[in-house]
Amino acid sequence: KAGVTQTPRYLIKTRGQQVTLSCSPISGHRSVSWYQQTPGQGLQFLFEYFSETQRNKGNFPGRFSGRQFSNSRSEMNVSTLELGDSALYLCASRYGTGDYGYTFGSGTRLTVV
Amino acid sequence: GENVEQHPSTLSVQEGDSAVIKCTYSDSASNYFPWYKQELGKRPQLIIDIRSNVGEKKDQRIAVTLNKTAKHFSLHITETQPEDSAVYFCAASIGGNTGKLIFGQGTTLQVKP
């Protein structure tokens, strides 16, 4: 079965712009989480969605937001981009909230210049 | 706040030797502890996980042990092979919420042929 698909793979944006990243979970998976990965801070939790509802949120500013659609696909948006937002953004999916193991996508590499 | 400390940050072993990576978590309510392997330029992949009601779990050459009292958990890789070379991340759930993981900073494992 297809894995977690993230688009685009690479993105270059200018400071102050906004960006939208997309994630298609494994077919049948209804829980989607987002993580930011940077060399300095490692992997940091952004948020989790299940059945179109945000269940958990990490310690990121309000510029970071997300949503989930009825087909479980998810998007995350970052507004007013800052240089420090440059990172690999990883999406992960699992079947449900009672399930444990997440499967990660290959990520979107965002560079802010 | 919640924290996961991972040691060592780098580990170099000879092929065939064993490797051990240790993590300490701060949230006594954490109940789920996965380990991920991330090869250069690739997505993190779940290699093994353990729940708080189990002290040890093994899968072929990989094992994980959990000491809830000391809030320690460890990854053990036996008979290491060059293809085990990667960055390994431990993680712990935030409280009983398996949808929100806090990750260690990662261990770069190099297996020399």
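Lettering follows sequence order; numbering is per chain, from 1.
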- With the side chain counted from C-beta on, respond yes when B:Phe103 and A:Tyr35 share a heavy-atom pair under 4.5 Å apart, and no when they do not. yes
- Query: Can you check whether A:Phe104's main-chain N or O pairs, donor with acceptor, with B:Arg43's side chain at less than 3.5 Å?
  - Reply: yes
- Any idea which of A:Gly42, A:Ser31, A:Gly105 has the most non-hydrogen atom pairs under 4.5 angstrom with chain B? A:Gly105
- Message: What I'd like to find out is whether the side chain of A:Gln37 reaches to under 4.5 Å of the side chain of B:Gln38, using heavy atoms alone.
- Response: yes
- Would you mind checking which part of A:Leu43 comes under 4.5 Å of any heavy atom in chain B, side chain (CB onward), backbone (N, CA, C, O), both or neither? both
- Mark yes when over 12 heavy atoms from residues, nucleotides or ligands other than A:Lys13 sit less than 6.0 Å from its NZ; otherwise mark no. yes
- Query: Less than 6.0 Å separating the ring centroids of B:Tyr36 and A:Tyr102?
  - Reply: no
- Query: Counting heavy atoms not belonging to A:Lys57, are there more than 12 under 6.0 Å from its NZ?
  - Reply: yes
- For atom CG of A:Leu83, decide whether the heavy atoms of other residues, nucleotides or ligands shown that lie under 6.0 angstrom number more than 12. yes
- Task: Give, as side chain, backbone, both or neither, the part of B:Lys100 having an atom under 4.5 angstrom from any heavy atom of chain A.
- Result: both
- Message: Heavy-atom pairs under 4.5 Å with chain B: which of A:Arg55, A:Gln6, A:Gln41 has the most?
- Response: A:Gln41
- Task: Tell me, for A:Ser106 versus chain B, whether the close heavy atoms (under 4.5 Å) come from the side chain, the backbone, both or neither.
- Result: both
- Please look at B:Pro34 and chain A and tell me whether the side chain, the backbone, both or neither of the residue comes under 4.5 angstrom of a heavy atom of that chain. neither
- Kindly compute the distance separating CD (A:Gln44) from CG (B:Leu101), expressed to the nearest 0.5 Å. 13.5 Å
